[in-house]
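A quick write-up on the structure given underneath.
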Amino acid sequence: MSPLYRAPRGTVDVLPQEQPYWEHVYQTATHLCQLYGYSRIDTPVFEDASLFARGVGQTTDIVQKEMYVFQDRGGEMMALRPEGTANVCRAYIQHGMRNLPQPVRLYYWGPAFRYDRPQAGRQRQFTHFGYEAIGVDDPALDAEVIEFAWRLYQELGLTDLSLQLNSIGDPNCRPSYLTALNAYYEDKLGSVCPDCRARFQKNPLRLLDCKVEGCQPIIDAAPPFIDYLCEACAHHFQELCSYLEALAIPYTLNPRLVRGLDYYTRTVFEIQPPEEGAQNTVGAGGRYDGLIEELGGKPTPAIGLATGVERIIVNLKRAKVPIAALDRPAVFVVYQTAAARPTAAKLASELRRAGIAAVMAVGGRSLKAQMRQADAAGVLYTAILGKEELATDTVNLRRMEDGHQERVASKDVRRLIAKGLRQTR
RNA sequence: GUGGGCGUAGCGUAGCGGUCAACGCGCCAGGUUGUGGCCCUGGAGAUCGAGGGUUCAAAUCCCUCCGUCCACCCCA
């Protein structure tokens, strides 16, 4: 089948039958934001392209080959946001939020875009839920952000994830670590995969998360960043760990964990599903103490998390987490003859006005066909308006579950349905 | 950007050289005169992803393109 148009490559339509999953994630996330004191912020889906080049990092794959960049009609270079943190930081600076009590806790929910080959759990337009706590470098805040993430997945029903944690230092100590890593790899380049040889040149930290089997022993023996942290970073990390222990968050120290975005400093973490797969991250975050200054603000520490809603949903399905169905209409109004249609419309309208979800049969079909529609709609009640009901100002109210029905006075319909609904719920 | 699998009605599939195509689900209409879910009957719906080639003959073989899925890369 090849229709004239289809959703662009790497994009999807979220159909009605998928919506319960989205609703579940959205409700859970926003409720927790409220509990943790985060306020919503919505930023544009496109921004000055250079915001991301500077924010995410000029050398990252995201900026170099995955960003949707375009020139607008005024000649400005714009980009669809590939993630949300840079936008939030820009907004923080632009609106002078450093004058608010710190930290400023913000969350966002919306689409992000990366031009990439689609595959399982990876789309060109995808949905990010994320939150940022800006203005404080206390490790207690790191712990709060991580606890929030852990709690989020627990409440969503993803109870078999793992939390990976690492520290990648700051501008103070990273150079010495890179020197050590370089020295370690220099004489091993012959026994390492070609990709790793490229990483050695381009982005040495990435050497640590190579998946090629032959590289594993070499990575295992590589020096861990933790051993090279400067005193301030080491202290920060130790404190964070003791907070997490106090909070009973089961984290795994992972010296291989590095992140693909340039702005991270110190704390980095990732939440991974149990199964080995290509997309083994549902959510990730970390501290980015240099970003706001990089974007033109005053030096401001911050930490945040972003999670992919589509990936959450993939995992909810894989784990067969039960999801509540969305509410269906309570009442379907059917009629025997065309003469009854105005009365049917009026009844449906009155029911809705009383807060009872009601739809009326349309399309001029036979009563039998209307009943079939009522059944397909999954309603609790069908209100039948036959000739006799019309003549006597009554309604034949049928309970679909067991077929029990009785003729009731029109004025009583609302009350009876409301009562029936209360008993069902 | 690289590699592999797959593309037949809305969905899931069969057919793999010879009546331009089958089945299940779904959809629509009936099964006597006012009624759902089960069952029965009938119907609509496919230029077999697109283009080209081989052949007397192609959904079935070959090529190209497109789409899709999976993996690499990267990341949420």
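In the text below, chain A, chain B and the rest are named by the order of the sequence lines, each starting its count at 1.
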Looking only at atom C1', what distance separates G15(B) and G53(B), rounded to whole Å? 24 Å

Any strand, both distances under 3.5 Å, Watson-Crick or G-U wobble: C16(B) pairs with none

With sugar-phosphate meaning primed atoms plus P, OP1 and OP2, does Glu401(A) contact a base, only sugar-phosphate, or nothing at under 4.0 Å between heavy atoms? base

With a 4.0 Å cut-off, would you call Arg407(A) and Glu389(A) a salt bridge? yes

Would you say Gln119(A) places a side-chain N or O within less than 4.0 Å of OP1 or OP2 belonging to C70(B)? no

Classify the nucleic acid contact of Arg124(A) as base, sugar-phosphate or nothing, counting any heavy atom under 4.0 Å across all strands shown. nothing

Considering every strand and a 4.0 Å limit on heavy-atom distances, what is the contact class for Ala374(A): base, sugar-phosphate, or nothing? nothing

Which part of the nucleic acid does Gly121(A) contact within heavy-atom distance under 4.0 Å: base, sugar-phosphate only, or nothing? base

Please state the P separation for the pair G3(B) and A14(B) - nearest whole angstrom. 29 Å

Before you tell me yes or no, could you show the steps for Lys317(A) and Glu18(A) under salt bridge (Lys or Arg N to Asp or Glu O under 4.0 Å), namely the whole-Å CA-CA distance, both residues' side-chain angles and the distance that decides it to 0.1 Å? CA-CA 11 Å; Lys317(A) 289 177 178 172; Glu18(A) 290 292 303; 2.7 Å; yes

Hey, which of these two, Leu385(A) or Tyr115(A), hits RNA chain B nearer its 5' end, going by closest nucleotide? Tyr115(A)

So if I apply the salt bridge (Lys or Arg N to Asp or Glu O under 4.0 Å) rule between Glu47(A) and each of Arg90(A), Arg81(A), Arg54(A), which one comes out positive? Arg90(A)

For Gln373(A), which contact category applies under a 4.0 Å heavy-atom criterion: base, sugar-phosphate, or nothing? nothing

Less than 3.5 Å apart, any donor N or O on the side chain of Glu155(A) or Thr28(A) sitting next to an acceptor on the other? no

With sugar-phosphate meaning primed atoms plus P, OP1 and OP2, does Ala369(A) contact a base, only sugar-phosphate, or nothing at under 4.0 Å between heavy atoms? sugar-phosphate

Any base atoms under 4.0 Å from Gln405(A), or only sugar-phosphate, or nothing? Heavy atoms, all strands. base

Mind checking if Glu310(A) touches a base, just sugar-phosphate, or nothing, with heavy atoms under 4.0 Å? nothing

Check ion pair Asp412(A)-Arg415(A) (N to O, under 4.0 angstrom): yes

For Leu207(A) and C74(B), give me the distance from atom CG to atom P, rounded to whole Å. 10 Å

When we call it a touch if two heavy atoms are under 4.0 Å apart, what does Asn396(A) touch: a base, just sugar-phosphate, or nothing? base

Would you say Arg365(A) reaches A29(B)'s phosphate, i.e. side-chain N/O to OP1/OP2 under 4.0 Å? yes

Should the side chain of Arg398(A) and the base of G36(B) be counted as holding a donor-acceptor pair, with the cut-off at 3.5 Å? yes

Just to be sure I understand the rule, does Gln123(A) reach a base, reach only the sugar-phosphate, or reach nothing, if contact means heavy atoms closer than 4.0 Å? base

Rounded off to whole Å, could you give me the CG-to-P distance for the Leu367(A) and G31(B) pair? 12 Å

Rounded to whole Å, how long is the line connecting atom CZ of Arg372(A) with atom P of C38(B)? 11 Å

Could you check how far CZ of Arg341(A) sits from P of G34(B), rounded to whole Å? 18 Å

To the nearest 0.5 Å, how far apart are CZ in Arg9(A) and CG in Asp116(A)? 10.5 Å

Which nucleotide in the set G36(B), G67(B), C70(B) lies at the smallest distance from any side-chain heavy atom of Met400(A)? G36(B)

In this structure, how many angstroms lie between the C1' atom of C73(B) and the CD atom of Glu66(A), rounded? 9 Å

Taking any strand in view, what nucleotide pairs with U35(B) in a Watson-Crick or G-U wobble way, both distances under 3.5 Å? none

Taking for Pro8(A) and for Asp61(A) the nucleotide of RNA chain B with the nearest heavy atom, the one nearer the 5' end belongs to Pro8(A)

Electrostatic pair Arg151(A)-Glu147(A), nearest N-O below 4.0 angstrom: no

Quote, to the nearest angstrom, the P distance that separates C28(B) from C38(B). 13 Å

In whole angstroms, the gap separating P of A71(B) from CZ of Arg122(A) amounts to 9 Å

Phosphate-side-chain proximity, Arg117(A) and U2(B), N/O vs OP1/OP2 below 4.0 Å: no

Given atom CZ of Arg197(A) and atom P of C73(B), what is their separation to the nearest angstrom? 15 Å

Please classify the nucleic acid contact of Gly386(A) as base, sugar-phosphate, or nothing, using heavy-atom distances under 4.0 Å. base

Counting distance alone, no hydrogens or angles: does the base of G37(B) have a donor or acceptor under 3.5 Å from a partner atom on the side chain of Asp375(A)? no

Can you tell me the pairing partner of A71(B) across any strand shown, Watson-Crick or G-U wobble, with both distances under 3.5 angstrom? U2(B)

Is the distance from the ring center of Tyr38(A) to that of Phe148(A) below 6.0 Å? yes

Is the shortest side-chain N/O distance from Lys368(A) to OP1 or OP2 of G30(B) below 4.0 Å? no

If we take the C1' atom in both C56(B) and C48(B), what is their distance in whole Å? 22 Å

For C61(B), what is the paired nucleotide under Watson-Crick or G-U wobble rules, both distances under 3.5 Å? G53(B)

Assigned partner base of G45(B), Watson-Crick or wobble definition, under 3.5 Å: none

What about Arg311(A): does its side chain form a donor-acceptor pair under 3.5 Å with the base of C75(B)? yes

If I take atom NZ in residue Lys65(A) and atom P in nucleotide C73(B), what distance separates them, rounded to the nearest angstrom? 10 Å

What nucleotide among C74(B), C72(B), U35(B) has an atom nearest to a side-chain atom of Arg206(A)? C74(B)

